[in-house]
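Take a look at the structure set out below.
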Amino acid sequence: MLLFTHTASLLSDFFADEYDLEINADQLQFSPTRKDFEGDYTLVVFPLVRFMKKSPEECGDILGQYLMECSDFIDGYNVVKGFLNLSVSVHFWKESLKMTADPARMTASTENKGTLVVEYSSPNTNKPLHLGHIRNILIGWSMYRILERYGYELVKTQIVNDRGVAICKSMLAWKKFANGETPENSGIKGDHLVGKYYVKFDEELREEYLQWQDTPEADEAFKSNAKKDESKEAFFKRWKNDYFNKVSQLGAEVRQMLRDWESGKEEVVQLWKTMNTWVYDGFDETYEKLGVDFDKTYYESDTYKLGKDLVNEGLKKGVFFTEEDGSVWADLTDEGMDKKLLLRGDGTSVYMTQDLGTARVRYHDFKMDRMVYVVGNEQDYHFKVLFSILKLLEEPYADGLYHLSYGMVDLPGGRMKSREGTVVDADDLIAEVVQIAANNVEKRDGMINLSPEEQEESVRRIGMAALKYQLLKVNPKKRMVFNPEESVDLQGHTGPYIQNAFVRIKSILRKLDESEDAEADGSIDDYFHLKDQERDLLKLLLSYREVIERAASDYDPAHLANFAYQLARNYHRFYHEHHIIRAESGAARTFRIKLSGVVASALEDSMFLLGIEMPRRM
RNA sequence: GGCUCCGUAGCUCAGCUGGAUAGAGCAACUGACUUCUAAUCAGUAGGUCGCAGGUUCGAAUCCUGCCGGGGUCACCA
């Protein structure tokens, strides 16, 4: 912040002159003064005491005296223990009102930091999006906005997992049981329809498995594979996957389908294309509701064979090795990791190979300097390995890779389980929060003058704000609990609370426009005694740039969420204590109108960086 | 078991690179709308910061150990 650098440079001059000492910035710690003490900003003098060879109190006194004399911005100080509390002049506050007038411009980076690719959604095409995906998507979208503000050229990508056994399961079940059901003739959203048959497959498989368990063949499997003392029940529960792979008729059909797909069998490919189209239409609808989009979508069906070139290069460089069966491995044991398979004995790719290939394709497409993957923390190890291998291969972007690892979203009763039907569907949840917002409109009169369309739009923004804010206010890396009933609150530490502060300001400014005495009748120059709440607001506004920088470097949108909340809270408080249009003087009125305008802009901008839109009225 | 993340008020979460008496919201209780929108504000109550050591003028924050929870250690993705 400007004040800190200004003050720090004065202090370093002081130490150079008086003590012939070079002081570096981290020995000068400034922070906002705590509520219970007099002053605006506090310098911690403990780190300086050893240079000055005096008591902390004396040191603080000397420095405070010096700053009073040298700086226009400091006009008072007091020392408590080792803390030098500085009071900042009215002059400075008025200056800061000008400096913060355009928050978006004030916080924009002046340097171009290069190109950054962010991958923030990686859905499977066999079922619809759920609450966990929403967290992923919202974090990714917000980071896109934040990093762009921070100075990167952004490319938003997603990778769609559109192939493999899971997709074949829904295809097979559809073929067997759907009787030609389509999104059109059933009215079911495409991704939900496909998801329905994925579930159907699992039910059929379970039924098949259950029946098989009564056969002699099953007894045989139990006898030869069960651990000692293992009950039949426990064994069959554990053995389900083996059953699917070795015994199941349905399993065999799925695998046949996968082979047919890979060999390009017309009928299967056609079905695959048709069903994927349904899913994409469904996803697009959900993405649109969430207000997100992508510059480039990668499909696993295009990329799953990639990466072999990189593996061969690695072999040539001698950083990979070959086993007797012809499989290729990377040895990462020096870095405390394991050996990792990169190519099977038969030359086919694994997941890791694919990600290696995809990384290079992206470099080919965008020449990025950095790449951020927004992916859940269950893949922490995978990305650690991936990044290490890309470094071994000396890929040009290898040092700019980051896994933005986020924690699971739990429900109050524990984690979501598809088996138990506790998975919170994205579309349902969106509809629910908007409905809750709509229910609350009736009790309010702020919106009665709006047309039905405008009202609906406001309601949508309020509901979405509740949902988005709830998910974004928590540090991404932390596992979080989401209570679908309580968590879409519209009061307290929520999105709508912040929107409400904004709407209040807009309402004042609108009144002002409509009134006769729209012209400000006082000058800010004549305003001398700032209220506590006014100074608090200005302090927050001045910190905005640092908040964004921290959000960018920590990869944590929650910093912005908390900033917006604090700003809104301080404004609500200010609004209650002081009149704006009918302020006690023309000067105060002008000052407060201006201040309110800046607060509104900062609220709107910080919410914009979170991907949350403001309503005009609520 | 190895690696890794987490543990702060009844619940959900803040607490920046160590700084003063650890903060919000929800839930509970009390009060404030003839006023620029009460989706608001003010107040009461609620804490051995998982436990034990260590480093420091100073530790919720850094280090070590332990306890508790999650994730991960596939020729799955």
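Only a predicted model underlies this, so the values are computations on that prediction, with no experimental measurement involved. Because only heavy atoms are used, hydrogens play no part in the values below, and waters and symmetry mates are left out as well, while side chains stay in.
- Atom C1' of nucleotide A74(B) and atom CG of Asn245(A) are separated by 12 Å, given to the nearest angstrom.
- In a base pair of the Watson-Crick type (N1 to N3 plus N6-O4 or O6-N4) or a G-U wobble (N1-O2 and O6-N3), with each distance short of 3.5 Å, C51(B) is matched with G65(B).
- In this structure, Arg569(A) forms no cation-pi arrangement with Tyr497(A), as its terminal cationic atom is not both closer than 6.0 Å to the ring centre and no more than 45° off the ring axis.
- Distance CE (Met480(A)) to C1' (C11(B)): 13 Å, rounded to an integer number of Å.
- Pro476(A) comes within 4.0 angstrom of no nucleic acid atom, judged by non-hydrogen atoms across all strands.
- For Lys511(A), a side-chain nitrogen or oxygen approaches OP1 or OP2 of U37(B) to under 4.0 Å.
- Val409(A) places none of its side-chain heavy atoms less than 4.5 Å from the side chain of Val481(A).
- Nucleotide C3(B): paired with G71(B) (Watson-Crick or G-U wobble, both distances less than 3.5 Å).
- An OP1 or OP2 oxygen of A14(B) is reached within less than 4.0 angstrom by a side-chain nitrogen or oxygen of Lys478(A).
- A cation-pi arrangement is absent between Lys340(A) and Tyr381(A), since the terminal nitrogen or guanidinium carbon is not both under 6.0 Å from the aromatic centre and inside a 45° cone about the axis.
- Within the 4.0 Å cut-off from OP1 or OP2 of C5(B), not a single side-chain nitrogen or oxygen of Tyr406(A) is found.
- In this structure, the CD atom of Gln379(A) is 15 Å from the C1' atom of U4(B), given to the nearest Å.
- Residue Arg34(A) places at least one side-chain N or O closer than 4.0 Å to OP1 or OP2 of G23(B).
- In this structure, Ile508(A) and Leu490(A) both approach RNA chain B, and ranking their closest nucleotides by distance from the 5' end singles out Ile508(A).
- At a cut-off of 3.5 angstrom, the base of A39(B) holds no donor-acceptor pair with the side chain of Thr494(A).
- Evaluation of atom-type donor-acceptor distances gives a pair under 3.5 Å for the side chain of Asp325(A) against the base of C75(B).
- For A39(B), there is no paired base (Watson-Crick or G-U wobble, both distances below 3.5 Å).
- Residue-level contact check: Ile505(A) touches neither bases nor backbone, having no heavy atom under 4.0 Å from any strand.
- Rounded to whole Å, the distance from NE2 on His572(A) to P on A32(B) is 21 Å.
- Across the strands present, C26(B) finds its partner in G10(B); the criterion is a Watson-Crick or G-U wobble pair with both atom distances under 3.5 angstrom.
- C57(B) is paired with G19(B) under the criterion used here, namely a Watson-Crick or G-U wobble arrangement in which both key atom distances are under 3.5 Å.
- If you measure from atom CD of Gln566(A) to atom P of C41(B), you get 14 Å, rounded to the nearest angstrom.
- Look at Glu262(A) and Arg163(A) and you find a salt bridge, because one of the NZ, NE, NH1 or NH2 atoms lies within 4.0 Å of a carboxylate O, short of that distance.
- Heavy atoms of Tyr497(A) sit under 4.0 angstrom from primed sugar atoms or phosphate atoms, though from no base atom.
- Using a 4.0 Å heavy-atom cutoff across all strands shown, His576(A) reaches at least one base atom of the nucleic acid.
- Side-chain atoms of Asn85(A) come within donor-acceptor range of the base of A20(B), with a qualifying N/O pair under 3.5 Å.
- Phosphate proximity of C36(B) to Ser507(A): absent, as no side-chain N or O sits under 4.0 Å from OP1 or OP2.
- The OG atom of Ser327(A) sits 9.0 Å away from the CG atom of Leu343(A) when rounded to the nearest 0.5 Å.
- Pair assignment for U34(B) gives none, since no Watson-Crick or G-U wobble pairing has each distance under 3.5 Å.
- Thr42(A) comes within 4.0 angstrom of a base, heavy atoms only.
- Residue contacts shown for Val49(A) are absent, as no nucleic acid heavy atom lies under 4.0 Å away.
- Atom CG in Asn124(A) sits about 12 Å away from atom C1' in C76(B), given to the nearest Å.
- Taking the six-membered ring wherever Trp is involved, the centroid distance between the rings of Trp261(A) and Tyr304(A) falls below 6.0 Å.
- Ranked by how close their nearest RNA chain B nucleotide is to the 5' end, Ser31(A) and Gln354(A) are led by Ser31(A).
- For His493(A) and A27(B), the NE2 to P distance is 15 Å, given to the nearest whole Å.
- Within 4.0 Å (heavy atoms only), Arg617(A) reaches at least one base atom of the nucleic acid.
- A sub-4.0 Å separation between OP1 or OP2 of C33(B) and a side-chain N or O of Arg444(A) is absent.
- Separating the OH atom of Tyr381(A) from the P atom of G70(B) is a distance of 22 Å, rounded to the nearest angstrom.
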